Amino acid sequence: MNSFFQPFFEYANEWAPQLGEAMVNTALLSVSGFALSLVFGLLLLLAQGSDYALISRFAKLYITVVRGVPLLAVLFLIYFGLPGIGITFDAFPAAVLGLSLCFAAQVGEVLRAGLKAVPNGQREAALSVGFTPSQSFAYIVLPQVLRIVLSPMLVTFVSLLKDSSLASLITVDELVLTGRAMATEYFLPLQIYIAVGLCYFVIAWPFSLLSRRLAR
Amino acid sequence: MDALLRVTGLRKAYGPVEVLKGIDLSVRPGEKIALIGPSGSGKSTCLRCLNFLEKPSAGQIFLDEEEIGVRNGRPMSDRELAPQRSEMGMVFQLFNLWPHLTVTENVAIAARKVRGLPAKEARELALEMLAKVHMTHRADASPAELSGGQQQRVAIARALSQKPKLMLFDEPTSALDPELVHEVLKVIEELAAEGRTMLIVTHEIAFARDVADRVLFLDGGVIVEEGPARNVISHPREPRTQSFLKQIRH
(Lines give C-alpha, C1' and ligand atoms only; values in the text may rest on other atoms or scores of the structure.)
Protein backbone atom coordinates (compact mmCIF):
# COMPACT_ATOMS: atom_id res chain seq x y z
CA MET A 1 0.00 0.00 0.00
CA ASN A 2 2.86 2.31 0.79
CA SER A 3 4.24 1.84 -2.69
CA PHE A 4 0.85 2.88 -4.09
CA PHE A 5 0.83 6.24 -2.36
CA GLN A 6 4.55 6.87 -2.58
CA PRO A 7 4.60 8.30 -6.16
CA PHE A 8 2.00 10.95 -5.23
CA PHE A 9 4.49 12.37 -2.73
CA GLU A 10 7.56 11.72 -4.76
CA TYR A 11 6.32 13.42 -7.94
CA ALA A 12 3.94 15.96 -6.45
CA ASN A 13 6.06 18.93 -7.48
CA GLU A 14 6.32 17.60 -11.05
CA TRP A 15 2.73 16.47 -11.48
CA ALA A 16 0.98 19.37 -9.84
CA PRO A 17 2.01 22.05 -12.37
CA GLN A 18 1.29 19.75 -15.35
CA LEU A 19 -2.12 18.72 -14.06
CA GLY A 20 -2.83 22.27 -12.92
CA GLU A 21 -2.24 23.60 -16.40
CA ALA A 22 -4.37 20.84 -17.90
CA MET A 23 -7.14 21.62 -15.42
CA VAL A 24 -7.10 25.24 -16.53
CA ASN A 25 -7.38 24.08 -20.14
CA THR A 26 -10.25 21.74 -19.33
CA ALA A 27 -12.04 24.50 -17.44
CA LEU A 28 -11.47 26.98 -20.29
CA LEU A 29 -12.70 24.46 -22.83
CA SER A 30 -15.81 23.65 -20.79
CA VAL A 31 -16.69 27.23 -19.96
CA SER A 32 -16.28 28.45 -23.54
CA GLY A 33 -18.13 25.40 -24.84
CA PHE A 34 -20.97 26.01 -22.44
CA ALA A 35 -21.13 29.73 -23.14
CA LEU A 36 -21.43 29.05 -26.86
CA SER A 37 -24.00 26.31 -26.12
CA LEU A 38 -26.11 28.92 -24.35
CA VAL A 39 -25.97 31.17 -27.40
CA PHE A 40 -26.81 28.35 -29.82
CA GLY A 41 -29.42 26.95 -27.43
CA LEU A 42 -31.14 30.31 -27.21
CA LEU A 43 -31.10 30.57 -31.00
CA LEU A 44 -32.62 27.08 -31.25
CA LEU A 45 -35.32 28.06 -28.76
CA LEU A 46 -36.17 31.19 -30.73
CA ALA A 47 -36.01 29.29 -34.03
CA GLN A 48 -38.45 26.67 -32.75
CA GLY A 49 -40.97 29.38 -31.94
CA SER A 50 -40.44 31.12 -35.25
CA ASP A 51 -43.39 31.96 -37.47
CA TYR A 52 -41.43 30.74 -40.47
CA ALA A 53 -42.09 27.03 -40.84
CA LEU A 54 -38.73 26.47 -42.52
CA ILE A 55 -36.80 27.86 -39.55
CA SER A 56 -38.82 26.09 -36.87
CA ARG A 57 -38.63 22.80 -38.78
CA PHE A 58 -34.86 23.16 -39.14
CA ALA A 59 -34.51 23.71 -35.38
CA LYS A 60 -36.58 20.62 -34.56
CA LEU A 61 -34.68 18.52 -37.09
CA TYR A 62 -31.36 19.78 -35.73
CA ILE A 63 -32.28 18.75 -32.19
CA THR A 64 -33.44 15.31 -33.32
CA VAL A 65 -30.29 14.70 -35.37
CA VAL A 66 -27.81 15.98 -32.80
CA ARG A 67 -29.36 13.84 -30.08
CA GLY A 68 -28.62 10.76 -32.17
CA VAL A 69 -25.00 11.56 -33.07
CA PRO A 70 -22.11 10.95 -30.66
CA LEU A 71 -19.99 13.94 -29.70
CA LEU A 72 -16.81 12.15 -30.73
CA ALA A 73 -18.09 11.75 -34.29
CA VAL A 74 -18.86 15.47 -34.39
CA LEU A 75 -15.39 16.35 -33.09
CA PHE A 76 -13.72 14.10 -35.70
CA LEU A 77 -15.93 15.56 -38.41
CA ILE A 78 -14.92 19.10 -37.52
CA TYR A 79 -11.24 18.49 -36.88
CA PHE A 80 -10.40 15.81 -39.43
CA GLY A 81 -13.32 16.04 -41.86
CA LEU A 82 -13.82 19.73 -42.56
CA PRO A 83 -10.24 20.34 -43.78
CA GLY A 84 -11.28 18.13 -46.73
CA ILE A 85 -13.44 21.00 -47.95
CA GLY A 86 -10.94 23.65 -47.02
CA ILE A 87 -12.25 24.55 -43.54
CA THR A 88 -9.50 24.16 -40.97
CA PHE A 89 -9.76 24.66 -37.22
CA ASP A 90 -7.13 24.51 -34.52
CA ALA A 91 -7.77 21.77 -31.99
CA PHE A 92 -9.12 24.02 -29.21
CA PRO A 93 -11.67 26.00 -31.26
CA ALA A 94 -12.70 22.77 -33.00
CA ALA A 95 -13.45 21.22 -29.61
CA VAL A 96 -15.35 24.32 -28.40
CA LEU A 97 -17.42 24.29 -31.57
CA GLY A 98 -18.13 20.54 -31.42
CA LEU A 99 -19.12 20.65 -27.75
CA SER A 100 -21.40 23.62 -28.23
CA LEU A 101 -23.07 22.25 -31.36
CA CYS A 102 -23.95 19.09 -29.45
CA PHE A 103 -24.88 20.67 -26.13
CA ALA A 104 -26.91 23.45 -27.75
CA ALA A 105 -29.69 20.92 -28.33
CA GLN A 106 -29.75 20.03 -24.64
CA VAL A 107 -29.51 23.64 -23.49
CA GLY A 108 -32.30 24.61 -25.89
CA GLU A 109 -34.55 21.89 -24.53
CA VAL A 110 -33.85 22.90 -20.92
CA LEU A 111 -34.77 26.50 -21.79
CA ARG A 112 -37.90 25.37 -23.58
CA ALA A 113 -38.99 23.24 -20.63
CA GLY A 114 -38.34 26.20 -18.31
CA LEU A 115 -40.43 28.49 -20.46
CA LYS A 116 -43.25 25.96 -20.60
CA ALA A 117 -43.16 25.56 -16.83
CA VAL A 118 -44.29 29.16 -16.33
CA PRO A 119 -48.09 29.11 -16.58
CA ASN A 120 -49.69 31.36 -19.15
CA GLY A 121 -51.69 33.04 -16.40
CA GLN A 122 -48.46 34.70 -15.23
CA ARG A 123 -48.13 36.50 -18.54
CA GLU A 124 -51.83 37.30 -18.70
CA ALA A 125 -51.71 38.87 -15.25
CA ALA A 126 -48.76 40.97 -16.39
CA LEU A 127 -50.53 42.11 -19.55
CA SER A 128 -53.67 42.89 -17.56
CA VAL A 129 -51.90 45.47 -15.37
CA GLY A 130 -50.56 47.22 -18.46
CA PHE A 131 -47.20 45.60 -19.13
CA THR A 132 -46.15 45.37 -22.76
CA PRO A 133 -45.24 41.87 -23.96
CA SER A 134 -41.52 42.60 -23.64
CA GLN A 135 -41.94 44.04 -20.13
CA SER A 136 -43.99 41.04 -19.07
CA PHE A 137 -41.24 38.76 -20.38
CA ALA A 138 -38.45 40.71 -18.70
CA TYR A 139 -40.04 41.32 -15.29
CA ILE A 140 -42.38 38.38 -14.87
CA VAL A 141 -41.57 35.41 -17.11
CA LEU A 142 -37.78 35.48 -17.47
CA PRO A 143 -36.92 35.66 -13.74
CA GLN A 144 -39.09 32.58 -13.19
CA VAL A 145 -37.55 30.73 -16.14
CA LEU A 146 -34.04 31.45 -14.84
CA ARG A 147 -34.94 30.06 -11.44
CA ILE A 148 -36.37 26.92 -12.98
CA VAL A 149 -33.51 26.25 -15.40
CA LEU A 150 -30.57 27.05 -13.13
CA SER A 151 -30.34 23.61 -11.56
CA PRO A 152 -30.71 21.59 -14.81
CA MET A 153 -28.25 23.99 -16.47
CA LEU A 154 -25.63 23.20 -13.84
CA VAL A 155 -26.21 19.48 -14.43
CA THR A 156 -25.77 20.07 -18.17
CA PHE A 157 -22.56 21.98 -17.50
CA VAL A 158 -21.14 19.14 -15.42
CA SER A 159 -21.94 16.63 -18.14
CA LEU A 160 -20.31 18.90 -20.72
CA LEU A 161 -17.25 19.18 -18.49
CA LYS A 162 -16.93 15.41 -18.37
CA ASP A 163 -17.53 15.01 -22.09
CA SER A 164 -14.84 17.59 -22.80
CA SER A 165 -12.39 14.71 -22.15
CA LEU A 166 -13.20 13.52 -25.67
CA ALA A 167 -11.34 16.57 -26.95
CA SER A 168 -8.16 14.70 -26.02
CA LEU A 169 -8.75 12.60 -29.13
CA ILE A 170 -8.39 15.66 -31.35
CA THR A 171 -5.18 16.68 -29.54
CA VAL A 172 -6.49 19.33 -27.15
CA ASP A 173 -4.10 19.52 -24.19
CA GLU A 174 -6.75 18.99 -21.55
CA LEU A 175 -6.71 16.70 -18.54
CA VAL A 176 -7.04 13.31 -20.22
CA LEU A 177 -4.45 13.95 -22.92
CA THR A 178 -2.03 15.35 -20.36
CA GLY A 179 -2.70 12.33 -18.15
CA ARG A 180 -2.00 9.95 -21.01
CA ALA A 181 1.29 11.65 -21.76
CA MET A 182 2.24 11.55 -18.09
CA ALA A 183 1.26 7.89 -17.79
CA THR A 184 3.62 7.03 -20.63
CA GLU A 185 6.38 9.12 -19.15
CA TYR A 186 6.20 7.86 -15.55
CA PHE A 187 4.82 4.34 -16.12
CA LEU A 188 2.35 4.96 -13.30
CA PRO A 189 -1.04 4.84 -15.07
CA LEU A 190 -2.99 3.84 -11.96
CA GLN A 191 -1.85 6.78 -9.83
CA ILE A 192 -1.93 9.26 -12.68
CA TYR A 193 -5.44 8.46 -13.88
CA ILE A 194 -6.67 8.58 -10.31
CA ALA A 195 -5.14 12.05 -10.06
CA VAL A 196 -6.81 13.00 -13.37
CA GLY A 197 -10.17 11.73 -12.09
CA LEU A 198 -9.75 13.75 -8.91
CA CYS A 199 -9.03 16.88 -10.96
CA TYR A 200 -12.35 16.48 -12.82
CA PHE A 201 -14.12 15.86 -9.56
CA VAL A 202 -12.66 19.00 -8.01
CA ILE A 203 -14.06 21.12 -10.84
CA ALA A 204 -17.43 19.36 -11.04
CA TRP A 205 -18.23 18.85 -7.38
CA PRO A 206 -19.12 22.44 -6.44
CA PHE A 207 -21.49 22.62 -9.38
CA SER A 208 -23.15 19.33 -8.48
CA LEU A 209 -23.56 20.47 -4.89
CA LEU A 210 -25.00 23.80 -5.96
CA SER A 211 -27.40 22.18 -8.37
CA ARG A 212 -28.63 19.76 -5.70
CA ARG A 213 -29.16 22.64 -3.28
CA LEU A 214 -31.07 24.64 -5.86
CA ALA A 215 -33.22 21.68 -6.80
CA ARG A 216 -34.46 21.39 -3.21
CA MET B 1 -75.54 59.36 -17.35
CA ASP B 2 -73.33 58.14 -20.17
CA ALA B 3 -72.13 54.59 -20.18
CA LEU B 4 -68.60 53.92 -18.92
CA LEU B 5 -68.40 50.67 -20.82
CA ARG B 6 -70.29 49.96 -23.99
CA VAL B 7 -70.16 46.65 -25.83
CA THR B 8 -71.90 46.03 -29.11
CA GLY B 9 -72.22 42.84 -31.11
CA LEU B 10 -69.34 41.11 -29.33
CA ARG B 11 -68.56 37.75 -30.90
CA LYS B 12 -65.80 35.25 -30.28
CA ALA B 13 -65.18 32.05 -32.18
CA TYR B 14 -62.49 29.42 -31.77
CA GLY B 15 -62.33 27.91 -35.23
CA PRO B 16 -65.84 26.73 -36.03
CA VAL B 17 -66.99 26.96 -32.41
CA GLU B 18 -68.74 30.19 -31.62
CA VAL B 19 -68.49 30.93 -27.90
CA LEU B 20 -69.99 34.41 -27.93
CA LYS B 21 -72.80 35.04 -30.37
CA GLY B 22 -73.34 38.76 -30.13
CA ILE B 23 -73.23 40.40 -26.72
CA ASP B 24 -74.56 43.91 -26.21
CA LEU B 25 -73.89 45.52 -22.91
CA SER B 26 -73.77 48.93 -21.39
CA VAL B 27 -72.40 49.71 -17.92
CA ARG B 28 -72.89 53.00 -16.13
CA PRO B 29 -70.20 54.42 -13.86
CA GLY B 30 -70.47 52.87 -10.41
CA GLU B 31 -72.65 50.03 -11.58
CA LYS B 32 -72.01 46.48 -10.39
CA ILE B 33 -72.86 43.76 -12.83
CA ALA B 34 -72.87 40.04 -12.15
CA LEU B 35 -72.52 37.60 -15.02
CA ILE B 36 -73.97 34.23 -14.17
CA GLY B 37 -74.64 31.14 -16.21
CA PRO B 38 -73.64 27.51 -16.69
CA SER B 39 -70.04 26.63 -17.43
CA GLY B 40 -69.26 26.99 -21.10
CA SER B 41 -71.87 29.70 -21.45
CA GLY B 42 -69.20 32.23 -22.45
CA LYS B 43 -69.17 34.44 -19.37
CA SER B 44 -65.43 34.18 -18.73
CA THR B 45 -64.66 34.60 -22.42
CA CYS B 46 -66.86 37.66 -22.47
CA LEU B 47 -64.92 39.20 -19.59
CA ARG B 48 -61.55 38.30 -21.13
CA CYS B 49 -62.60 39.88 -24.42
CA LEU B 50 -63.17 43.20 -22.68
CA ASN B 51 -59.45 43.70 -22.03
CA PHE B 52 -58.47 41.78 -25.13
CA LEU B 53 -56.80 38.86 -23.34
CA GLU B 54 -58.99 37.09 -25.87
CA LYS B 55 -59.24 38.88 -29.19
CA PRO B 56 -62.90 39.28 -30.16
CA SER B 57 -63.88 37.95 -33.58
CA ALA B 58 -66.32 40.80 -34.08
CA GLY B 59 -67.95 43.65 -32.23
CA GLN B 60 -66.86 46.84 -30.55
CA ILE B 61 -65.91 47.73 -27.01
CA PHE B 62 -65.78 51.30 -25.76
CA LEU B 63 -64.40 52.41 -22.41
CA ASP B 64 -65.11 56.07 -21.76
CA GLU B 65 -65.91 56.50 -25.46
CA GLU B 66 -62.48 55.19 -26.47
CA GLU B 67 -62.60 52.07 -28.58
CA ILE B 68 -60.59 49.20 -27.12
CA GLY B 69 -58.19 47.26 -29.34
CA VAL B 70 -58.67 49.30 -32.50
CA ARG B 71 -56.70 52.28 -33.70
CA ASN B 72 -57.34 54.04 -37.01
CA GLY B 73 -59.44 51.12 -38.13
CA ARG B 74 -56.82 48.43 -37.60
CA PRO B 75 -56.34 46.02 -34.68
CA MET B 76 -53.83 47.07 -32.03
CA SER B 77 -50.83 44.95 -31.04
CA ASP B 78 -50.38 43.73 -27.46
CA ARG B 79 -47.84 46.49 -27.04
CA GLU B 80 -50.29 49.18 -28.09
CA LEU B 81 -53.01 47.62 -25.95
CA ALA B 82 -51.00 47.94 -22.74
CA PRO B 83 -52.29 51.39 -21.64
CA GLN B 84 -55.90 50.43 -22.35
CA ARG B 85 -55.55 47.18 -20.43
CA SER B 86 -54.25 49.00 -17.38
CA GLU B 87 -57.53 50.90 -17.18
CA MET B 88 -59.33 47.65 -16.43
CA GLY B 89 -58.18 45.83 -13.33
CA MET B 90 -58.55 42.09 -13.71
CA VAL B 91 -58.79 39.45 -11.01
CA PHE B 92 -58.31 35.87 -12.13
CA GLN B 93 -59.81 32.64 -10.90
CA LEU B 94 -56.35 31.21 -10.10
CA PHE B 95 -55.00 34.49 -8.63
CA ASN B 96 -51.90 34.41 -10.87
CA LEU B 97 -49.72 36.15 -8.34
CA TRP B 98 -46.07 36.32 -9.37
CA PRO B 99 -44.22 33.83 -7.17
CA HIS B 100 -40.77 35.40 -7.51
CA LEU B 101 -41.96 38.68 -5.97
CA THR B 102 -43.13 39.48 -2.45
CA VAL B 103 -46.69 40.52 -1.75
CA THR B 104 -45.77 44.21 -1.81
CA GLU B 105 -43.72 43.85 -4.97
CA ASN B 106 -46.62 42.09 -6.67
CA VAL B 107 -48.75 45.14 -6.01
CA ALA B 108 -46.06 47.77 -6.61
CA ILE B 109 -44.31 46.54 -9.75
CA ALA B 110 -46.88 47.71 -12.29
CA ALA B 111 -46.98 51.19 -10.78
CA ARG B 112 -43.17 51.30 -10.96
CA LYS B 113 -42.57 49.85 -14.38
CA VAL B 114 -45.69 50.96 -16.24
CA ARG B 115 -46.39 54.33 -14.65
CA GLY B 116 -42.79 55.02 -13.68
CA LEU B 117 -43.46 55.80 -10.02
CA PRO B 118 -40.33 56.01 -7.82
CA ALA B 119 -39.75 52.88 -5.70
CA LYS B 120 -40.76 54.57 -2.44
CA GLU B 121 -44.01 55.96 -3.81
CA ALA B 122 -44.87 52.66 -5.46
CA ARG B 123 -44.33 50.90 -2.15
CA GLU B 124 -46.54 53.38 -0.32
CA LEU B 125 -49.21 52.91 -2.95
CA ALA B 126 -48.92 49.15 -2.62
CA LEU B 127 -49.31 49.32 1.16
CA GLU B 128 -52.34 51.54 0.73
CA MET B 129 -53.89 49.00 -1.66
CA LEU B 130 -52.98 46.13 0.66
CA ALA B 131 -54.74 47.95 3.49
CA LYS B 132 -57.90 47.99 1.38
CA VAL B 133 -57.83 44.20 1.16
CA HIS B 134 -56.69 43.79 4.81
CA MET B 135 -53.35 42.26 3.87
CA THR B 136 -50.87 44.78 5.26
CA HIS B 137 -49.73 42.26 7.88
CA ARG B 138 -48.35 39.96 5.15
CA ALA B 139 -46.73 42.70 3.07
CA ASP B 140 -43.31 41.04 3.02
CA ALA B 141 -44.49 37.45 2.64
CA SER B 142 -44.04 35.46 -0.52
CA PRO B 143 -47.27 34.46 -2.30
CA ALA B 144 -46.54 30.78 -1.65
CA GLU B 145 -46.85 31.40 2.09
CA LEU B 146 -50.42 32.67 1.78
CA SER B 147 -53.75 30.90 1.79
CA GLY B 148 -55.85 30.98 -1.37
CA GLY B 149 -58.11 33.65 0.07
CA GLN B 150 -55.14 35.81 1.03
CA GLN B 151 -53.59 35.37 -2.41
CA GLN B 152 -56.79 36.44 -4.07
CA ARG B 153 -57.00 39.53 -1.88
CA VAL B 154 -53.44 40.45 -2.88
CA ALA B 155 -54.43 39.92 -6.50
CA ILE B 156 -57.29 42.35 -5.99
CA ALA B 157 -54.85 44.89 -4.50
CA ARG B 158 -52.61 44.38 -7.53
CA ALA B 159 -55.51 45.09 -9.89
CA LEU B 160 -56.42 48.20 -7.86
CA SER B 161 -52.87 49.54 -7.98
CA GLN B 162 -53.28 50.82 -11.52
CA LYS B 163 -56.32 52.90 -10.49
CA PRO B 164 -58.54 51.21 -13.05
CA LYS B 165 -61.81 52.71 -14.23
CA LEU B 166 -63.38 49.28 -14.15
CA MET B 167 -62.76 46.07 -12.23
CA LEU B 168 -63.19 42.69 -13.89
CA PHE B 169 -63.54 39.66 -11.62
CA ASP B 170 -63.31 36.30 -13.36
CA GLU B 171 -64.78 33.75 -10.93
CA PRO B 172 -62.71 35.19 -8.07
CA THR B 173 -63.80 32.57 -5.52
CA SER B 174 -64.18 29.42 -7.64
CA ALA B 175 -60.73 28.08 -6.79
CA LEU B 176 -61.04 28.70 -3.06
CA ASP B 177 -61.82 26.35 -0.22
CA PRO B 178 -65.37 27.05 0.97
CA GLU B 179 -64.26 28.59 4.26
CA LEU B 180 -62.06 31.13 2.43
CA VAL B 181 -64.73 32.38 0.05
CA HIS B 182 -66.24 34.77 2.53
CA GLU B 183 -63.12 36.88 3.15
CA VAL B 184 -62.73 37.53 -0.58
CA LEU B 185 -66.40 38.31 -1.14
CA LYS B 186 -66.28 40.71 1.80
CA VAL B 187 -63.41 42.63 0.18
CA ILE B 188 -65.27 42.79 -3.13
CA GLU B 189 -68.34 44.00 -1.30
CA GLU B 190 -66.33 46.77 0.35
CA LEU B 191 -65.01 47.86 -3.04
CA ALA B 192 -68.55 47.84 -4.36
CA ALA B 193 -69.59 50.09 -1.49
CA GLU B 194 -66.89 52.57 -2.55
CA GLY B 195 -68.82 53.04 -5.75
CA ARG B 196 -66.43 51.24 -8.07
CA THR B 197 -67.65 49.99 -11.39
CA MET B 198 -67.32 46.24 -11.60
CA LEU B 199 -68.17 43.21 -13.63
CA ILE B 200 -68.15 39.93 -11.77
CA VAL B 201 -68.38 36.47 -13.27
CA THR B 202 -69.52 34.33 -10.38
CA HIS B 203 -71.31 31.23 -9.20
CA GLU B 204 -72.06 32.84 -5.84
CA ILE B 205 -75.69 33.53 -6.54
CA ALA B 206 -76.53 34.96 -3.14
CA PHE B 207 -73.59 37.34 -3.46
CA ALA B 208 -74.74 38.40 -6.94
CA ARG B 209 -78.21 39.07 -5.59
CA ASP B 210 -76.98 41.13 -2.64
CA VAL B 211 -74.15 43.10 -4.22
CA ALA B 212 -74.88 43.48 -7.92
CA ASP B 213 -77.17 46.14 -9.33
CA ARG B 214 -77.84 44.10 -12.39
CA VAL B 215 -77.50 40.43 -13.28
CA LEU B 216 -76.89 39.07 -16.75
CA PHE B 217 -77.67 35.42 -17.33
CA LEU B 218 -75.62 33.98 -20.18
CA ASP B 219 -76.23 30.69 -21.89
CA GLY B 220 -74.89 29.42 -25.20
CA GLY B 221 -73.00 32.64 -25.88
CA VAL B 222 -75.96 35.00 -25.64
CA ILE B 223 -77.52 37.05 -22.85
CA VAL B 224 -80.69 35.13 -22.14
CA GLU B 225 -82.02 37.37 -19.42
CA GLU B 226 -80.95 40.54 -17.69
CA GLY B 227 -82.38 42.85 -15.13
CA PRO B 228 -82.13 44.08 -11.56
CA ALA B 229 -80.37 41.45 -9.47
CA ARG B 230 -83.27 40.64 -7.19
CA ASN B 231 -85.71 40.21 -10.05
CA VAL B 232 -83.53 37.93 -12.14
CA ILE B 233 -82.46 35.76 -9.25
CA SER B 234 -85.66 35.61 -7.22
CA HIS B 235 -88.17 35.76 -10.07
CA PRO B 236 -86.51 34.68 -13.32
CA ARG B 237 -88.72 34.95 -16.39
CA GLU B 238 -86.86 32.76 -18.83
CA PRO B 239 -87.19 28.96 -18.50
CA ARG B 240 -83.41 28.53 -19.00
CA THR B 241 -82.66 30.93 -16.16
CA GLN B 242 -85.22 29.20 -13.98
CA SER B 243 -83.76 25.75 -14.53
CA PHE B 244 -80.17 27.01 -14.00
CA LEU B 245 -81.04 28.69 -10.73
CA LYS B 246 -82.98 25.63 -9.59
CA GLN B 247 -79.91 23.45 -10.16
CA ILE B 248 -77.60 25.46 -7.93
CA ARG B 249 -78.33 25.82 -4.27
CA HIS B 250 -78.25 29.30 -2.92
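Keep in mind that what you see is a predicted model, and the values were worked out from it rather than measured. So you know, we letter chains A, B, ... as the sequences are listed, proteins then strands, and number each from 1.
Here A:Ser128 contributes atom OG and B:Phe52 contributes atom CZ; the two are 15.5 Å apart, rounded to the nearest 0.5 Å. Here the CD atom belonging to B:Gln162 is positioned 8.0 Å from the CZ atom belonging to A:Phe131, to the nearest 0.5 angstrom. Between the CH2 atom in B:Trp98 and the CD atom in A:Gln122 there is a gap of 8.0 Å [rounded to 0.5 Å].
In this structure, B:Asn96 contributes its side chain and A:Gly121 its backbone to a donor-acceptor pair below 3.5 Å. In this structure a side-chain-to-backbone donor-acceptor pair under 3.5 Å is missing from B:His100 to A:Arg147.
Environment of CD in A:Glu21: sparse, with no more than 12 heavy atoms of neighbouring residues, nucleotides or ligands closer than 6.0 Å. In A:Asp90, the CG atom is not crowded: 12 or fewer heavy atoms of neighbouring residues, nucleotides or ligands sit closer than 6.0 Å. Heavy atoms of other residues, nucleotides or ligands lying less than 6.0 angstrom from CZ of B:Arg115 number more than 12. The environment of A:Lys162 atom NZ is sparse: at most 12 non-hydrogen atoms of other residues, nucleotides or ligands sit within 6.0 angstrom. With a 6.0 Å radius and a threshold of 12 heavy atoms from other residues, nucleotides or ligands, A:Tyr52 has its OH atom at or below the threshold. Heavy atoms from other residues, nucleotides or ligands lying under 6.0 Å from CG of A:Leu54 number 12 at most.
For B:Ile109, the parts lying near chain A are the backbone and the side chain together; criterion is any non-hydrogen pair under 4.5 Å. Contact of A:Gln135 with chain B is made through the side chain alone, with heavy-atom distances under 4.5 Å. If you measure heavy-atom distances from B:Arg48 to chain A, the contacts under 4.5 Å come from the side chain alone. Neither the backbone nor the side chain of B:Pro164 comes within less than 4.5 Å of any heavy atom in chain A.
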Test side-chain contact (heavy atoms from CB on, under 4.5 Å) on B:Arg85 and A:Val129; report intermediate values, then the result.
CA-CA 6 Å; B:Arg85 283 196 173 118; A:Val129 292; over 6 Å; no
Report the C-alpha separation of B:Arg79 and A:Ser134 in whole Å, then their side-chain angles, then the decisive distance to 0.1 Å, and conclude whether the side-chain contact (heavy atoms from CB on, under 4.5 Å) test is met.
CA-CA 8 Å; B:Arg79 189 185 173 78; A:Ser134 43; 3.7 Å; yes
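Counting heavy-atom pairs closer than 4.5 Å to chain A, the top residue among B:Ser86, B:Ala111, B:Ser161, B:Ser77 is B:Ser86.
When side chains are defined from C-beta on, A:Arg123 counts as touching B:Asp78, because their heavy atoms get closer than 4.5 Å.
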